[in-house]
Amino acid sequence: MQTASKKVINGWAMYDWANSVYSLVITSSIFPAYYGGVASDFIKKGNQLTFLGRVFKEPTALYDYAVAFSFLVVALISPLLSSIADAFGNKKRFMQFFCFMGSLSCCAMYWFRPENPQLGIVLFVLASIGFGASIVFYNAYLPEIAAVEDQDNVSAKGFALGYVGSVLLLIICLIMVTKPAMFGIADDHKAAQISFLLTGIWWMGFAQITFAVLPKGQANPVSKSHNVFTKGYAELNKVWKELKEQTTLKRFLLAFFFLGMGVETVMYSAALFAKEQIFPNTGDKEKDAANGGKLILTILIIQIVAIGGSYLFSFFSKKIGNLKVLLIGVLIWAGICAWAYFVYTEMAFYCLAGTVGLVMGGIQSLSRSTYSKLMPPTKDTASYFSFYDVCDKVSTVIGMMTFGMVTEGLGGMRNAVLFLMTYFIISFFILLYTLAKQPKLQVA
């Protein structure tokens, strides 16, 4: 196949520009910091942080479990959604639905106040489901619009645009949170709430560029021997069986599964770790505001570095092959976990954040394009990418659940971060074994 027109490619990549503000503002910076501060103060005032009848002494654990639950929901429903989308040729419609679900939930976070942390968690779960489910259909478009030799660059372009767009909005939010008086904001919490509202509007608004140019897709009616509601799960089972004949792809997915447990958990927990361990609330309003600004600035540094990181990984993949570059990236991730355990100063944390940014975007982009290249020739890209996304979501569920359990059980996030290194080490050795079995495999 030939790569689609520049207009379609740019339109597809613009969805990264649109929805990456959710990843940055909601999951990586302002929401975790706001929730962490609000929930901690809520408990310090003598209140019990309860959710579904359970009392949480560690507010970060509730956040971890909320992330895990939202991704579990996405993992369970994505096969059903992919089946219906494939049958009726309306991937774009489903992508639109979950985009609006997620973005409107972000807008509703405007009403997340210090006295109702539970509302913030509920809206966060809904937004996370909208984000995760829309990505299923977004990823499935990649092999349909880009030829194999262009998929690394197209994938990297999406991630890079996402980082640029999200950084622009985060800068605005950073100024508003640290200098609320410049915007006529007197309430200490109002700046964060407005940031949530802006995130939803940005996501919803720029996504319209994507929806205007993406093709609807061709309908593939379900045969009489199948049910449209179960076909997606049957397709996953079919992919699972086909993997038995595709040794390299099977090994890559297993490595990706353990890699996802680590990477996604770090991404979702980094801001809470920084808030609790490096920039905690002190009770001094000016100092706490300064700490909040430093935290958001750190996340901003990560995003800027990640823009170059996504293209850097793509560049080296052409020189030495995808798998070798992934091996290097996974090894760096393992080192990051060990490093984080010993980080106590702001300067050391800034250096750690820069390293995270370097490998964060690159390893995500390269993993997606490597999977796309290793897929067998097939028109049923939705099923294969549904399988990929289910692996990604289930790995996130396990990663966040174990992170929350270790945090509660071993009394702190430092031990939990160190525990994450196990997942990266396992992923590294699986990739190494894959390369050893097929030393000429480049996937370049």
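When a residue number appears, it is its place in the shown sequence, counting from 1.
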Quiz item: Regarding Arg414 and the six-membered ring of Tyr344, is the cationic atom NZ or CZ under 6.0 Å from the ring centre and inside 45° of its axis?
Solution: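 Pair Arg414/Tyr344 counts as cation-pi.
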
How about [X]: does its [atom1] atom have over 12 heavy atoms from other parts shown lying under 6.0 Å from it?
{"X": "Phe257", "atom1": "CZ", "value": "yes"}
{"X": "Phe183", "atom1": "CZ", "value": "yes"}
{"X": "Met405", "atom1": "CE", "value": "no"}

Heavy-atom check, side chain of [X] versus side chain of [Y], under 4.5 Å:
{"X": "Leu198", "Y": "Met176", "result": "yes"}
{"X": "Leu170", "Y": "Ile30", "result": "yes"}
{"X": "Val25", "Y": "Ser166", "result": "no"}
{"X": "Leu243", "Y": "Leu249", "result": "yes"}
{"X": "Ile26", "Y": "Cys106", "result": "yes"}
{"X": "Tyr35", "Y": "Ile121", "result": "yes"}
{"X": "Tyr371", "Y": "Leu374", "result": "no"}
{"X": "Phe313", "Y": "Val359", "result": "yes"}

Okay, side chain of [X], backbone of [Y]: is any donor-acceptor separation there less than 3.5 Å?
{"X": "Ser395", "Y": "Asp392", "value": "yes"}
{"X": "Thr210", "Y": "Gly11", "value": "yes"}
{"X": "Ser20", "Y": "Trp17", "value": "no"}
{"X": "Asp16", "Y": "Ala13", "value": "no"}
{"X": "Trp333", "Y": "Met360", "value": "no"}
{"X": "Ser427", "Y": "Ala255", "value": "yes"}

What orientation do [X] and [Y] show, parallel under 30°, tilted 30 to 60°, or perpendicular over 60°?
{"X": "Tyr423", "Y": "Phe258", "value": "tilted"}
{"X": "Phe131", "Y": "Trp203", "value": "perpendicular"}
{"X": "Phe112", "Y": "Phe31", "value": "tilted"}

[Y] and [X] side chains, donor-acceptor separation under 3.5 Å:
{"X": "Tyr15", "Y": "Ser134", "value": "yes"}
{"X": "Ser70", "Y": "Ser128", "value": "yes"}
{"X": "Tyr138", "Y": "Asn19", "value": "no"}

Kindly compute the distance separating [atom1] ([X]) from [atom2] ([Y]), expressed to the nearest 0.5 Å.
{"X": "Ile430", "Y": "Ile425", "atom1": "CD1", "atom2": "CD1", "value": "12.0 Å"}
{"X": "Leu174", "Y": "Lys179", "atom1": "CG", "atom2": "NZ", "value": "10.0 Å"}
{"X": "Leu323", "Y": "Ile328", "atom1": "CG", "atom2": "CD1", "value": "11.5 Å"}
{"X": "Cys173", "Y": "Trp202", "atom1": "SG", "atom2": "CH2", "value": "9.5 Å"}
{"X": "Tyr110", "Y": "Phe196", "atom1": "OH", "atom2": "CZ", "value": "12.0 Å"}
{"X": "Trp12", "Y": "Leu214", "atom1": "CH2", "atom2": "CG", "value": "9.5 Å"}

Quiz item: Would Met109 and Leu197 count as a side chain to side chain contact (heavy atoms under 4.5 Å, CB included) if you check the C-alpha gap in whole Å, the side-chain angles of each, and the deciding distance to 0.1 Å?
Solution: CA-CA 7 Å; Met109 287 179 185; Leu197 179 62; over 6 Å; no

Do you know which two heavy atoms are closest between [X] and [Y], and how far apart they sit?
{"X": "Leu358", "Y": "Val305", "value": "N-CG1, 3.4 Å"}
{"X": "Ile77", "Y": "Phe98", "value": "CD1-CZ, 4.2 Å"}
{"X": "Lys393", "Y": "Gly132", "value": "CE-O, 3.7 Å"}
{"X": "Leu327", "Y": "Phe428", "value": "CD2-O, 3.4 Å"}
{"X": "Val394", "Y": "Ala75", "value": "CG2-CB, 3.9 Å"}
{"X": "Leu420", "Y": "Gly262", "value": "CD1-O, 4.4 Å"}

Self-check item: Residue of the set Phe51, Phe69, Phe124 for which ring pair (Phe, Tyr, Trp, His ring centres under 6.0 Å) holds with Tyr63
Solution: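 Per the ring pair (Phe, Tyr, Trp, His ring centres under 6.0 Å) rule, the option paired with Tyr63 is Phe124, out of Phe51, Phe69, Phe124.
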
Quiz item: Stepwise, does the side chain to side chain contact (heavy atoms under 4.5 Å, CB included) test hold for Phe211 with Lys92?
Solution: CA-CA 7 Å; Phe211 299 140; Lys92 187 162 71 172; 4.0 Å; yes

Quiz item: Under the side chain to side chain contact (heavy atoms under 4.5 Å, CB included) criterion, do Asp64 and Met401 qualify, and how do the steps go?
Solution: CA-CA 7 Å; Asp64 296 336; Met401 285 293 291; over 6 Å; no

Exercise. Run the numbers on Thr370 and Phe252 for side chain to side chain contact (heavy atoms under 4.5 Å, CB included), then give the verdict.
Key: CA-CA 9 Å; Thr370 301; Phe252 171 77; 3.8 Å; yes

Exercise. Kindly say whether the aromatic ring centers of Phe256 and Tyr388 come within a distance under 6.0 Å.
Key: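 Yes - the distance between ring centres of Phe256 and Tyr388 falls below the 6.0 Å cut-off.
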
